[in-house]
4 protein chains.
Amino acid sequence: MSTTNGEPRRGRGRPRTPGAEERIIDAALEEYGEHGWAGFTMDGVARRAGVGKSTVYLRWQDKDSLLTEAVSTRTGAIGAVDTGTLRGDLTQLADNLFRQFREPAGWASLRITFDAAGAHERLGRFTEAVADVQVDAIGRIVQRAIDRGEVPATVIPDWLTACVYGAVTMETLGARLEARELTDEDIAERSAAIIELVMDGALGRSS
Amino acid sequence: MSTTNGEPRRGRGRPRTPGAEERIIDAALEEYGEHGWAGFTMDGVARRAGVGKSTVYLRWQDKDSLLTEAVSTRTGAIGAVDTGTLRGDLTQLADNLFRQFREPAGWASLRITFDAAGAHERLGRFTEAVADVQVDAIGRIVQRAIDRGEVPATVIPDWLTACVYGAVTMETLGARLEARELTDEDIAERSAAIIELVMDGALGRSS
Amino acid sequence: MSTTNGEPRRGRGRPRTPGAEERIIDAALEEYGEHGWAGFTMDGVARRAGVGKSTVYLRWQDKDSLLTEAVSTRTGAIGAVDTGTLRGDLTQLADNLFRQFREPAGWASLRITFDAAGAHERLGRFTEAVADVQVDAIGRIVQRAIDRGEVPATVIPDWLTACVYGAVTMETLGARLEARELTDEDIAERSAAIIELVMDGALGRSS
Amino acid sequence: MSTTNGEPRRGRGRPRTPGAEERIIDAALEEYGEHGWAGFTMDGVARRAGVGKSTVYLRWQDKDSLLTEAVSTRTGAIGAVDTGTLRGDLTQLADNLFRQFREPAGWASLRITFDAAGAHERLGRFTEAVADVQVDAIGRIVQRAIDRGEVPATVIPDWLTACVYGAVTMETLGARLEARELTDEDIAERSAAIIELVMDGALGRSS
DNA sequence: AATTAATCGAGACGGTACGTCGGGTCTTATG
DNA sequence: CATAAGACCCGACGTACCGTCTCGATTAATT
């Protein structure tokens with residue numbers, strides 16, 4: 001995470017250049033998108049952002065921190081949906097997720113999460129930002145459905161979360177491995193199919 | 001992949017040390033498990049394996065190749081299950097997956113897959129080994145169920161695959177991020193729950 | 001050299017802090033004495049002097065200028081001697097030189113002179129301050145001796161200068177390399193010996 | 001000094017490239033000569049020598065060590081003279097010194113010696129190489145003269161040393177500060193004058 | 001008193017060099 | 001031939017310093 005705290009640290013010296021943070025994060029995501037982890041260099045980021053290396057290191061302690069934050073700040077509010085029905089909400093959520101993973105920054109976010117879960121250290125605030133926050137999204141969606149009497153109160157949101165997130169992730173992974181771009185139509189179709197499977201089951205209730 | 005071909009290529013000079021390949025792969029997985037991608041160095045692997053760097057580079061052309069193969073050779077036959085019922089097969093499959101991801105090598109395999117899917121190049125043979133082969137496993141399982149008349153022929157195996165793999169992956173990810181070890185009981189319970197959700201849906205068919 | 005001109009430039013704004021110049025020069029000499037040229041940093045000087053860097057750069061344009069002036073302002077009037085005899089004057093002069101080189105600032109002055117004579121540029125005013133001024137001192141001393149008829153008019157002051165300065169320099173260098181401090185007695189003895197050698201020669205005129 | 005020890009450390013690995021040491025030292029002297037201490041960079045030296053930085057740092061632990069050794073290895077045998085008379089030997093010696101100081105490496109050697117005598121540390125072997133060895137040269141010259149009965153045994157070689165070295169140094173310094181090149185004729189004349197002064201004194205024995 | 005203008009301490013800025021370390025190649029002596 | 005050792009060139013790492021810049025806070029001389 002950045003070393004900047006909320007309060008602007010209004011003190012004596014020259015204030016930090018306002019746009020720099022943003023420019024560096026943009027540059028970082030572009031570099032990462034173009035070259036992957038190997039080939040993602042701090043010198044390259046600084047050069048692309050048009051700042052000195054010290055300006056970067058003044059804000060992030062090392063390469064990992066920069067990339068981690070760059071990626072997490074670009075992770076939007078996926079779960080801010082309210083269509084009125086559970087099926088609609090979940091479908092919209094899956095749709096949002098697909099679109100997020102289609103972007104380099106969104107996919108990078110996932111890669112970094114998996115990496116962080118491997119090394120037994122330094123996951124820090126990243127867990128909350130990427131995992132908890134988004135898990136809560138489904139929690140609220142399901143809770144609204146229970147309140148409306150749409151589903152029985154026995155449904156456990158976490159299990160739904162795992163299934164929906166997992167399915168979207170795997171479909172995206174498959175598409176990426178085959179170098180196949182997901183069109184908006186693909187996404188709509190897959191989202192509907194996933195939610196149908198999760199809500200109705202594979203045994204053909206709809207039949 | 002390794003440059004060794006099946007035939008031992010017995011020629012004039014000193015034959016390759018028999019155990020080296022294995023020792024290097026073990027060392028690679030241990031290093032990757034301990035330090036992650038950054039901090040996974042060829043010097044470190046060679047030193048830990050007790051061999052020279054040239055011995056490593058004689059068998060793998062670069063760092064990626066070594067790690068990729070190291071990880072894929074440790075990926076067992078997950079889908080070799082046949083319990084007689086679709087539900088049993090899938091539950092067993094999910095169980096196997098959980099156990100695989102619990103191991104460092106198994107989890108590393110997943111990380112590398114995600115990494116490979118980021119860079120738009122050089123995924124090579126890895127796709128087949130990790131993705132296709134395992135996707136086929138579910139294909140066969142479902143096909144047997146259709147043949148038995150257990151499920152309608154309209155079920156699309158790929159969608160089941162994504163959901164089951166995805167759910168197991170996400171549950172494991174969550175556990176890892178919270179530094180929570182999955183016991184055998186946890187795994188059995190989660191496997192059953194996932195398969196129940198996938199087969200019966202969230203709307204409470206069991207009710 | 002400093003950009004301050006003699007007249008205090010009294011205008012509207014806040015006047016320069018009176019003691020700052022002196023404190024900075026002191027700090028510069030101490031830093032140079034402790035760490036040498038490498039390790040002599042402007043940040044260090046400013047911190048030690050308790051001023052901001054801008055205060056330093058407002059007075060000297062760069063590192064070299066500061067160090068050069070710091071050193072030359074501490075170089076006292078070496079040649080202001082008049083004992084009545086040539087031998088006495090020269091002995092006193094050598095004595096003064098020894099004492100100057102024993103001080104960190106004096107020795108630093110010498111180091112910088114040698115450094116300036118290496119790079120074929122930017123010696124500027126320093127030459128006059130350190131070299132010419134002091135050379136003139138001996139010139140005047142010898143001229144007085146000629147006027148008194150003490151020595152023939154054929155004596156060339158420059159050659160005497162080189163010999164006396166050089167001998168003192170070399171003796172000091174030797175002592176420093178052996179980490180040997182020169183006491184006042186040492187200095188008196190060496191000064192007398194040097195002047196005796198220069199005036200009478202090595203062939204034993206005194207014999 | 002270099003970290004290479006006398007024994008060639010004949011072991012298993014690839015032997016150090018034979019010419020590298022020399023090429024690096026040459027490059028270092030050229031860079032130092034062109035740019036002075038500031039502007040003398042390790043990257044520049046490595047690039048000019050056509051080697052990697054690690055190759056440089058494998059042999060010298062830091063910038064100072066490299067420059068120090070570079071300079072001391074180029075300091076030839078100044079005192080290897082034997083003309084048969086003391087006056088001839090000393091004149092030849094002064095001549096050699098002048099020529100040495102005229103070269104960039106020779107003058108750099110002097111600068112570094114003065115620098116080393118300032119910082120109270122890390123002079124190491126440099127003292128012997130540059131100071132003692134050359135001091136001994138005059139010692140032997142004077143001893144031969146005493147043996148021949150040319151001068152009384154009371155002459156102290158160290159004092160002669162200081163005077164001759166010092167005078168040559170100061171004359172060279174003066175010439176450099178005035179950006180005046182010393183021709184061979186200048187050198188011959190100055191050498192003779194210095195030795196005459198030292199041997200006969202300033203009071204005009206020749207008169 | 002209010003305004004103006006220069007200086008002050010502090011410290012961020014774009015660069016550049018430092019000394020370290022890892023990647024992948026190459027070269028030896030030893031199996 | 002393969003091997004262990006390790007030197008090689010390259011380039012990124014994270015740190016430190018240079019000389020510049022921008023800030024809020026002083027501090028006079030001028031309105």
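The analysis underlying the following values was restricted to heavy atoms, covering all of them including side chains, and did not include hydrogens, waters or symmetry mates. Chain identifiers are assigned alphabetically (A, B, ...) following the order of the sequence lines, protein sequences preceding nucleic acid strands; residue numbering begins at 1 within each chain.
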Rounded to the Å, how far apart are [X] [atom1] and [N] [atom2]?
X	N	atom1	atom2	answer
B:R23	F:dT3	CZ	C1'	11 Å
C:L58	F:dG19	CG	P	15 Å
A:E21	E:dA12	CD	P	12 Å
B:M42	F:dA7	CE	P	19 Å
D:D62	F:dA16	CG	C1'	16 Å
D:Y57	E:dG22	OH	P	17 Å
B:I24	F:dT3	CD1	C1'	11 Å
D:R48	E:dA17	CZ	C1'	17 Å

Find which nucleotide of DNA chain F each of A:G44 and D:A20 is nearest to by heavy atoms, and output the residue with the more 5' nucleotide. D:A20
Taking the nucleotide of DNA chain F with the nearest heavy atom to each, does C:S54 or A:D43 sit closer to the 5' end?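 In this pair, the answer is A:D43.
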Between F:dT3 and B:R59, is there an OP1 or OP2 to side-chain N/O distance shorter than 4.0 Å?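 Yes, B:R59 has a side-chain N/O under 4.0 Å of OP1/OP2 on F:dT3.
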Is B:T41 close enough to E:dG22 that one of its side-chain N or O atoms is under 4.0 Å from OP1 or OP2 there?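 For B:T41, the contact criterion (side-chain N or O under 4.0 Å from OP1 or OP2 of E:dG22) is not met.
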On a plain distance test, is the side chain of C:K53 in donor-acceptor contact with the base of F:dG19 below 3.5 Å? yes
State whether the distance check finds a donor on one side and an acceptor on the other, under 3.5 Å, for side chain D:R14 versus base F:dC8.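 Side chain to base: no pair below 3.5 Å.
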Separation between CZ of C:R23 and OG1 of C:T17, rounded to the nearest 0.5 Å: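 Between C:R23 CZ and C:T17 OG1, I get 7.5 Å after rounding to 0.5 Å.
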Walking DNA chain E from its 5' end, the first of C:A49 and A:T17 to be reached, judged by nearest nucleotide, is C:A49
For the pair D:R111 and D:W107, evaluate side-chain contact (heavy atoms from CB on, under 4.5 Å) and give the outcome as yes or no after the intermediate values. CA-CA 6 Å; D:R111 286 161 75 178; D:W107 186 250; 3.7 Å; yes
Parallel, tilted or perpendicular: rings of B:Y32 and B:F40 (30°, 60°):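 Taking B:Y32 first and then B:F40, their aromatic rings stand perpendicular (interplane angle over 60°).
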Would you call C:E69 and C:R59 a salt bridge, taking side-chain N to carboxylate O under 4.0 Å as the test? no
